[in-house]
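This structure is a prediction, so every number in the text was calculated from the model and none was measured.
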Amino acid sequence: MKALILVGGFGTRLRPLTLSVPKPLVDFANKPMILHQIEALKAIGVTEVVLAINYQPEVMMSFLKDFESKLGIKITCSRETEPLGTAGPLALARDKLIDESGDPFFVLNSDVICEYPLEQMIKFHKAHGGEASIMVTKVDEPSKYGVVVMEETTGKVEKFVEKPKIFVGNKINAGIYLLNPSVLDRIQLRPTSIEKEVFPKIAAEQKLFAMVLPGFWMDIGQPRDYITGLRLYLDALRKNTSSKLSSGSHILGNVLVHETAVIGEGCLIGPDVAIGPGCVVEAGVRLSRCTVMRGARIKKHACISSSIIGWHCTVGQWARVENMTILGEDVHVCDEIYSNGGVVLPHKEIKSSILKPDIVM
């Protein structure tokens with residue numbers, strides 16, 4: 001089987017992290033976002049992954065070459081010269097996706113994190129015999145999204161309602177599809193939307209079916225959702241493979257610590273924290289609801305909550321970093337500094353406190 005991952009554009013919502021690497025390579029729970037998807041695809045027998053990309057493909061590919069051999073899966077690139085929306089890239093990659101087998105192929109949105117029940121999706125797709133399957137997830141506030149109206153029993157999709165004013169349902173498109181090759185005949189090579197142009201036509205012919213995603217789902221394309229996504233991901237890890245999580249008197253709730261990270265005496269870490277490879281957390285540090293990426297150093301008695309600390313950053317002694325502070329790569333926060341929602345571009349030194357949410361250029 002084959003799969004296409006829609007990598008897309010510049011990742012502006014996750015700047016300043018995406019100023020250093022393309023968004024799919026930003027770490028999430030100690031590995032690049034896109035790797036969560038590639039590993040899930042490999043696990044159910046996908047042999048080739050095509051990345052639809054229009055920004056920095058060289059960086060992506062040189063990075064993923066390592067994983068090709070490690071995972072034993074073919075990874076290729078389909079380069080857009082202009083943004084093609086969410087359906088155009090399928091037309092562009094047509095020759096890579098179709099082979100003589102006639103097997104359906106997966107399409108994934110690269111920002112989506114969940115438990116990827118792809119095996120169940122294949123069974124669902126075979127059972128209904130339609131042309132396309134989409135994953136849907138239940139949300140509390142459907143008015144913010146496009147809602148999928150479907151038959152509860154069969155999963156047959158009736159229609160899509162964009163940002164409904166009155167309640168029509170609470171299931172939204174989760175950004176994971178399984179499509180028969182014939183779907184490609186419906187897509188022209190131009191900027192076009194699979195959600196707004198392609199799926200409604202298939203639904204009108206009663207050939208589109210939706211499967212409700214079990215477990216959690218999050219689009220982690222922006223900082224607040226990234227932090228929420230980490231909490232949900234670690235929750236799921238606790239249920240499924242809790243041995244991967246750290247334990248001890250200094251750990252509170254779900255915490256993921258890379259084996260090469262070093263943690264000092266008297267720290268209190270958690271809940272919902274990921275500490276990446278090569279990180280050094282000195283004595284007496286307090287961490288909660290945050291990510292500390294590869295090579296970062298958190299000095300004595302610093303306190304970090306609800307924030308993202310980028311690669312190779314330093315947070316000084318007695319510093320306090322909170323309220324969706326995001327430090328780009330190689331940012332140095334001096335001792336005793338307070339950051340309240342600062343968004344700091346790479347390679348900066350912060351010598352004075354950031355008292356209200358602000359961008360530090």
Side-chain angles (χ1 to χ4, degrees), residues 1-9 50-52 54 78 80 82-99 101-112 118 120-139 142-213 217 219:
M1 281 187 86
K2 298 185 177 186
L4 179 83
I5 300 179
L6 296 166
V7 173
V50 182
L51 307 179
N54 62 23
S78 174
E80 304 168 39
E82 56 162 343
L84 290 171
T86 51
L90 278 72
L92 187 66
R94 182 188 176 104
D95 295 344
K96 293 179 189 278
L97 294 171
I98 287 190
D99 55 24
S101 74
D103 283 341
F105 57 89
F106 283 102
V107 176
L108 288 83
N109 180 336
S110 71
D111 293 352
V112 166
L118 305 177
Q120 285 162 262
M121 195 174 190
I122 295 172
K123 287 180 182 147
F124 173 78
H125 186 75
K126 283 180 177 159
H128 69 64
E131 194 172 358
S133 300
I134 65 174
M135 247 350 149
V136 294
T137 184
K138 292 178 184 170
V139 290
S143 60
K144 292 199 302 195
Y145 304 91
V147 172
V148 181
V149 182
M150 56 187 269
E151 282 179 14
E152 290 299 322
T153 47
T154 61
K156 187 186 289 177
V157 175
E158 292 166 16
K159 60 179 177 182
F160 295 83
V161 183
E162 198 55 44
K163 299 194 169 82
K165 296 282 182 285
I166 55 164
F167 185 83
V168 290
N170 66 346
K171 297 181 191 69
I172 65 162
N173 178 351
I176 300 174
Y177 319 130
L178 185 54
L179 312 176
N180 286 352
S182 58
V183 172
L184 293 171
D185 299 334
R186 300 174 178 269
I187 304 171
Q188 295 172 330
L189 183 51
R190 60 178 175 85
T192 165
S193 159
I194 198 164
E195 301 85 359
K196 295 190 173 100
E197 297 180 60
V198 181
F199 287 157
K201 285 180 183 159
I202 304 176
E205 295 176 23
Q206 304 197 341
K207 292 179 181 171
L208 181 66
F209 291 79
M211 172 180 149
V212 179
L213 182 71
W217 175 87
D219 177 329

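- Although no hydrogens or angles enter the test, the distance criterion places no donor-acceptor pair under 3.5 Å between the side chain of N173 and the main chain of V148.
- The salt bridge (charged side-chain N to carboxylate O under 4.0 Å, His left out) analysis of residues 167-183, with sequence neighbours excluded, yields the pairs E152-K171.
- For H128, the ring-ring contact (aromatic ring centres under 6.0 Å, His included) partners two or more places apart in sequence, or in a different chain, are F124, H125, F209.
- Taking the side chain to side chain contact (heavy atoms under 4.5 Å, CB included) definition, one finds that K96 meets it with V50, T76, S78, sequence neighbours left out.
- Applying the side-chain hydrogen bond (donor to acceptor under 3.5 Å, both in side chains) test to K156 and every residue at least two apart in sequence or in another chain returns Q206.
- E162 is linked by a side-chain hydrogen bond (donor to acceptor under 3.5 Å, both in side chains) to nothing, counting only residues two or more places apart in sequence or in another chain.
- A search for side chain to side chain contact (heavy atoms under 4.5 Å, CB included) contacts involving K126 returns I122, not counting sequence neighbours.
- Every residue two or more places apart in sequence or in another chain that forms a ring-ring contact (aromatic ring centres under 6.0 Å, His included) with F199 is listed here: Y177.
- Taking the side chain to side chain contact (heavy atoms under 4.5 Å, CB included) definition, one finds that S193 meets it with T86, E195, K196, E197, sequence neighbours left out.
- Note on residues 151-176: no pairs pass ring-ring contact (aromatic ring centres under 6.0 Å, His included), not counting sequence neighbours.
- Applying the side-chain hydrogen bond (donor to acceptor under 3.5 Å, both in side chains) rule to D185 yields the partners R94; only residues at least two apart in sequence or on another chain are considered.
- Every residue meeting the side chain to side chain contact (heavy atoms under 4.5 Å, CB included) condition with Q120, not counting sequence neighbours, appears here in chain and number order: P117, M211, P214.
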